[in-house]
Undergrad: 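Attaching a single structure in structure tokens format; questions to follow.
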Protein chains: 2
Amino acid sequence: MANQANRKRAPSRIQQRNRKRILDAALEVFSTSGFRGSTVDEIANQSGLSKPNLLYYFPSKGAIFNELMAGLLDTWLDPLRALDPEGEPLAEILAYVQRKLQMSRDFPRESRLYANEIVQGAPRLHAMIEGDLNQLVEEKSQVLQAWMDAGKINQTHPKHLLFSIWSLTQHYADFDAQVRRLMVNEDPFDAAPEYLETLYRRMLTPKG
Amino acid sequence: MANQANRKRAPSRIQQRNRKRILDAALEVFSTSGFRGSTVDEIANQSGLSKPNLLYYFPSKGAIFNELMAGLLDTWLDPLRALDPEGEPLAEILAYVQRKLQMSRDFPRESRLYANEIVQGAPRLHAMIEGDLNQLVEEKSQVLQAWMDAGKINQTHPKHLLFSIWSLTQHYADFDAQVRRLMVNEDPFDAAPEYLETLYRRMLTPKG
DNA sequence: CATCAATCTGACCGTATGGTCAAGTTGAGC
DNA sequence: GCTCAACTTGACCATACGGTCAGATTGATG
């Protein structure tokens with residue numbers, strides 16, 4: 001336990017490279033099969049390392065998963081953190097939607113990894129969700145509510161508004177297999193930005 | 001193979017009861033852990049049958065899954081099938097949204113089972129999707145397009161419109177674990193119908 | 001180029017998993 | 001209540017899985 005490579009200081013170049021390889025392979029595998037459906041052998045194969053060597057860098061399958069999740073959750077919330085209470089309300093929300101959609105496009109595996117975890121009841125995510133996410137959502141919901149009370153955007157349920165943004169943007173990554181099978185001659189991401197922009201503009205722009 | 005119980009005619013009461021039990025248990029387990037993450041022992045335990053007894057009724061784990069999926073896909077598409085080209089466009093769409101939302105509320109396990117499968121790339125669903133779903137989506141997209149061309153609802157991308165309806169309604173079932181953790185004092189399904197009604201009404205009602 | 005820690009591997013272990021089988025028990029029709 | 005098929009089970013098997021270990025190889029440092 002004490003001589004685990006990942007707890008030494010000053011990680012060597014080899015260590016940096018291999019840990020990255022492993023995490024990338026694990027992202028590929030976990031996002032495709034979920035935690036329980038993924039095997040260490042698969043991750044080892046995908047990363048080009050032998051299984052014992054992989055387990056030299058990480059103590060267990062669960063440890064790989066946890067490190068992956070911890071890193072993911074942070075970047076995952078960045079777009080919402082960037083929602084500026086001082087900005088122009090509608091523009092802020094529309095920009096948030098586009099940032100989130102861009103993340104689905106650029107990091108579909110991360111999105112699917114997260115989706116897998118939540119769909120299965122988030123068994124290994126309790127602590128993380130309870131903390132950061134809850135607080136951030138509470139905070140930004142109040143910002144949205146304030147904008148509504150000030151008449152800057154239409155009245156609606158702030159949390160449901162956030163849920164809908166997550167749902168719509170992540171759908172293009174999470175349900176990619178379905179979406180692409182139903183849009184054979186067209187890249188879904190071509191029309192998605194405009195579709196979502198229109199949707200939220202019409203929904204939130206105050207009447208008159 | 002020839003003496004499998006499930007291929008005999010006139011299924012006995014015991015057979016009907018046990019097959020139902022197994023499928024219900026399998027729905028519970030598969031929707032929670034996905035196909036690869038689920039075990040036959042779990043399903044057997046959940047159903048109250050012994051493992052060999054379970055395998056007396058179904059030849060394999062995959063066979064259980066397939067039968068479950070085949071049954072699911074049909075009911076899953078019913079709400080869309082009911083979209084009436086002769087009805088009042090906006091009302092038809094809003095009613096479809098509510099039917100779909102109701103299905104998420106009444107059959108969350110079915111929704112999660114489906115989500116699990118699609119998120120993981122729909123490895124065991126190709127044929128089914130290619131056939132029924134594709135045709136139905138094509139047909140209903142044309143209905144929506146006709147309504148737009150006639151000025152009955154706002155112009156928008158018909159397939160993205162369908163995707164958004166699926167996404168938003170199924171989100172309450174698929175991401176239930178997250179949604180409920182972020183709405184502790186409130187049942188998400190209380191406000192969801194009104195939220196979605198408002199969203200699509202504002203988005204689709206023609207100006208003027 | 002000697003040394004020692006860091007890195008890597010084949011062989012291995014205990015357990016879990018999908019599935020089988022021979023033999024037992026139960027239920028329906030006579 | 002006899003009979004035979006329908007149903008049920010404990011014991012078992014081969015493979016897959018997560019993880020370990022002794023020892024080999026490699027790379028950095030003097």
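Naming convention: chains lettered A, B, ... in sequence-line order (proteins, then strands); numbering from 1 in each chain.
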Undergrad: If you measure only the distance, is there a donor-acceptor pair under 3.5 Å linking the side chains of A/Ser164 and B/Tyr195?
TA: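 Short answer, yes.
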Undergrad: For C/dT7, does OP1 or OP2 lie under 4.0 Å from any side-chain N or O of A/Ser12?
TA: yes
Undergrad: Scan nucleotides 25-30 of chain C nucleotide by nucleotide, 5' to 3', and note B when protein non-hydrogen atoms come under 4.0 Å of the base, S if they reach only the sugar-phosphate, - if neither.
TA: ---S--
Undergrad: Quiz question: going by heavy-atom distance under 3.5 Å, is there a donor-acceptor pair between the base of C/dG19 and the side chain of B/Lys61?
TA: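 By the distance-only test, no, there is no pair.
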Undergrad: Of the residues in residues 29-38 of chain B, which ones touch DNA chain C at a heavy-atom distance under 4.0 Å?
TA: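 Hits under 4.0 Å, by residue number: B/Ser38.
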Undergrad: Please determine, for the side chain of B/Pro52, which listed nucleotide (D/dT20, C/dG19, C/dC21) has the closest atom?
TA: C/dC21
Undergrad: Hydrogens and angles aside, do B/Glu186 and A/His157 bring a side-chain donor and acceptor to less than 3.5 Å of each other?
TA: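 Side chains of B/Glu186 and A/His157: pair found under 3.5 Å.
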Undergrad: Look at the side-chain N and O atoms of B/Ser50 and state whether any lies under 4.0 Å from the OP1 or OP2 oxygen of D/dT9.
TA: yes
Undergrad: Would you say B/Gln178 and A/Tyr114 are linked by a side-chain donor-acceptor pair, where the criterion is simply a distance under 3.5 Å?
TA: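 Side-chain D/A pair, A/Tyr114 to B/Gln178: present.
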Undergrad: Look at B/Tyr56 and D/dT8 and indicate whether a side-chain polar atom (N or O) is within less than 4.0 Å of OP1 or OP2.
TA: no
Undergrad: Rounded to whole Å, please give me the gap between CG in A/Leu55 and C1' in C/dC8.
TA: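 Rounded to the whole Å, the gap is 12 Å.
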Undergrad: Please say whether the positively charged group of A/Arg124, taken as NZ for Lys or CZ for Arg, lies over the ring of A/Phe35, i.e. under 6.0 angstrom from the six-membered ring centre and within 45 degrees of the axis.
TA: yes
Undergrad: Identify which nucleotide among D/dG18, C/dG18, C/dC8 has an atom closest to any side-chain atom of B/Asp41, counting heavy atoms from C-beta outward.
TA: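 Minimum distance to the B/Asp41 side chain belongs to C/dG18.
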